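Worksheet for the structure shown next.
Just so it is clear, the structure is predicted and the values come from calculations on it, not from any experiment. Throughout, protein chains are lettered first and strands after them, A, B, ... in sequence-line order, and every chain is numbered starting at 1.
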Amino acid sequence: MLETSPLETFLRGVAILLVILFFMFPIFWIVLMSFQTNETILRIPPSFIFEPTFDNYRALITGKLETNAASLDIAFMRNMGNSVLLSVGAVLLALILGVPAAYSFARHKTRFSEDIAFTLLSFRFAPPLLVLLPLTIYFQKLGLSDTYFGLIWVYQLICLPLILWIVRGYFEDISEDVEYAYRIGGHSWFETFRKIAVPLAGPGIAAAGLLAFIFAWNNFIFALVLASADKQPVTVGALAFVTASGIQYGQIAAAIVLSITPTLLLAVYAQKYLVEGLSLGAVKG
Amino acid sequence: MTEKSLKGLQLDRIVKRYKGDTVLNGISLSVDSGSTLVLFGPSGAGKTVLLRTIAGVIEPDSGQVSINGQDMSGVDPEDRGVGMAFQNFALFPHMSAYKNIASSIEVKERSASRLDAAVRSVAELLKIDQVLDHAPRALSNGQKQRTALARALVGSPSLLLLDDPLRNVDAKLRFEMRIELPALLAQQGTTVVYVTQDYKEAMALGDTIVVMTEGNIQQTGTPAEIYLSPATIDIAKQFGDPVINLFDVTPQRDNKGQYISLSNSRIYLENGIADLTNGEYVLGIRPQALRFSSASDEESIAATVEAVTPLNEKTVTLLLTAGGRELLLSRPAGLDDPEQGPVHVSFDPSAIHLFEKDSGKRVELINTKTEAVA
């Protein structure tokens, strides 16, 4: 590479800073908001200078929202719990179903396997709202509406195709000879899948799992329609901050900060896998 | 089945097609217990597919594989009791060399101490006992290749399948292994099917060589048979270095019989074989069968030296005949060879090969002899 001049380095730094500012400012502003009261948030002109308060976080964690008019119960922590339960459950189920399916699509191609794989992917094309109305009726008849299991099942629409398609690429990248060698060594196909294919596709499975988790965590519409208050995740629960006495911006901001924390931590932890994983899948010939 | 007819491996009309392409076109062959069969042929000949069919990882469309007299139809690869080494080594990247080798016997060998002893003894045999705890990526190509071989050998399989195991190793190691392998295989006493594209490997290792092209067997024979009586022009070209001299010829007839004209001599083909007159044929003479001779030898061919290539153990000379044909002549090094100018060469007429031009098939000759044109 050519030597870069100090000016170029400087301009590049400015450009990167601008991009970071553009993308990160809303998050940064929300973090600031979460430490302010509604009054300081809404003052005009807005200012970076304020006296920080932990009231918003306290309200969320204790579950008591004190407004000027009344004291409201908020179920934020319960919503967090629901989010964790639903997302983890959905990703686990999708992995249990999707990884063997991906292996099958990668290794045992039959006449219709390509069509089936595409059909599964096409679930991601349909607007969720279109599916939801008939699904609501079915779920009520089956007794699945407003159950964790029902929601986790619906979440498969989000998680399963993602895991299936990403992991399949990884399995296809593994040399068949390696698997043949293990089988000739006296192992069943299932052992070969467990001891060779899954470990070698590990980074891909981790990346797909993480991505599926993020999508599941951020889902709003399924839970809004199919779950009642006590089963709702944070995305839906945040609606509760729009109260009769006004919109609780401070609490919303604090709720956002709290709810992005788990995915953020997970993403930072798994960043290496995520980048390696997704780009590896992408350059596959 | 009696002891005498026991075959280590028998293939009966194996057919395999991929999307309409016939990769194996009814392959039948058998290998005596304890002997080595080499599958030789260019890439795409179907050698690897055949090997995988024997191993059971590919199902043939039709045909039967029998190992030690037992029909293997519907038998999973893990139950066939074969060992296999792959061209690309196919080591398990997430396991140490030791675990790679042990994986072949861990299922049937329950005793940890016997497993350990087996792995260490085969590692010692292949000189990789120092690197057993290394991951495959920390091994050199030669060590990888030996690890792959050790993994195939460790269980003392009755049938060993080796898919071009020396393809991806450097020349020195390939040479070493070409010497070591036959002894190693003989020591194991297993039946071996060995795939290669290198004719020297085929000649060095095979009790029998099967030459394949495009899913068909072209010729089966001992290394000597393949070299001395190649069934087709292609086989004649593939076995031998430098490559065999080939000329288009049209046999003629005079009162002494059928002959092929070459410079100022005629090669008479014994009467009693089919009439070749006026047909289009290809004459083959191995460079090693040619020798320099004196001008007084009436049957010799006049030529000029075009180029001399000394190859240490042999010297290859490119000659141009009076008729404008190029000839390669190969002699052991150290002889006093003419470096340039006009020369005469002659050859033993029994060493010539004749092939049909269209089909490339060999024409059997008897009692050929040369005579100078009067």
Side-chain angles (χ1 to χ4, degrees), chain A residues 99-100 102-115 117 167 169-209 270 272-273 276-277 279-281 283-285, chain B residues 18-19 48-49 51-59 67 72 75-95 99-110 115 119 136 144 147-155 157 159-165 168:
Chain A
V99 172
Y103 185 71
S104 158
F105 283 129
R107 280 287 181 261
H108 305 282
K109 294 203 162 68
T110 58
R111 229 174 110 201
F112 298 109
S113 58
E114 213 53 43
D115 300 324
V167 175
Y170 276 85
F171 282 137
E172 282 173 348
D173 281 354
I174 301 171
S175 154
E176 280 186 327
D177 287 350
V178 173
E179 291 179 30
Y180 289 160
Y182 202 66
R183 284 207 69 183
I184 291 167
H187 304 81
S188 66
W189 69 266
F190 184 71
E191 280 291 289
T192 307
F193 168 69
R194 218 162 58 86
K195 296 275 182 62
I196 302 292
V198 170
L200 290 185
I205 295 171
K272 190 171 141 271
Y273 289 120
E276 225 175 49
S279 57
L280 253 178
V283 296
K284 185 192 146 292
Chain B
Y18 282 112
K19 291 178 183 149
T48 295
V49 175
L51 211 59
R52 288 173 183 196
T53 309
I54 298 168
V57 292
I58 292 178
E59 286 275 315
I67 296 175
M72 286 290 140
V75 178
D76 283 329
E78 60 266 32
D79 299 325
R80 294 193 177 199
V82 303
M84 184 162 175
F86 292 81
Q87 185 190 315
N88 57 10
F89 313 134
L91 296 174
F92 313 127
H94 56 309
M95 297 182 191
K99 287 217 163 143
N100 265 279
I101 299 169
S103 74
S104 285
I105 46 169
E106 66 192 12
V107 175
K108 57 180 183 196
E109 185 55 82
R110 293 273 163 220
L115 184 143
V119 171
K144 279 184 198 164
T147 307
L149 213 52
R151 189 177 62 185
L153 285 172
V154 68
L159 177 62
L160 190 59
L161 307 171
L162 303 175
D163 187 359
D164 217 344
N168 291 324

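For chain B, the nearby parts of A:Ile184 are the backbone and the side chain; heavy atoms of each come within less than 4.5 Å. Using a 4.5 Å cut-off between heavy atoms, A:Ser188 touches chain B through backbone and side chain atoms alike. Heavy-atom distances place no part of B:Gln87 under 4.5 Å from chain A, backbone and side chain included. Proximity to chain A is limited to the backbone of B:Leu91, based on heavy atoms less than 4.5 angstrom apart.
Ranked by non-hydrogen atom pairs under 4.5 Å with chain A, the options B:Ala55, B:Ala90, B:Gly56 are led by B:Ala90. When each of A:Glu179, A:Glu191, A:His187, A:Glu176 is scored by its heavy-atom pairs under 4.5 Å with chain B, the top score falls to A:His187.
Here the side chains of B:Glu78 and A:Arg183 are in contact, with some heavy-atom distance below 4.5 Å. With contacts defined as side-chain heavy-atom distances shorter than 4.5 Å, the pair B:Arg52/A:Tyr180 qualifies.
To the nearest 0.5 Å, the span separating NZ on A:Lys195 from CD on B:Glu106 amounts to 6.5 Å.
Residues B:Phe92 and A:Ile196 share a closest heavy-atom pair of CD2-CD1, 3.6 Å.
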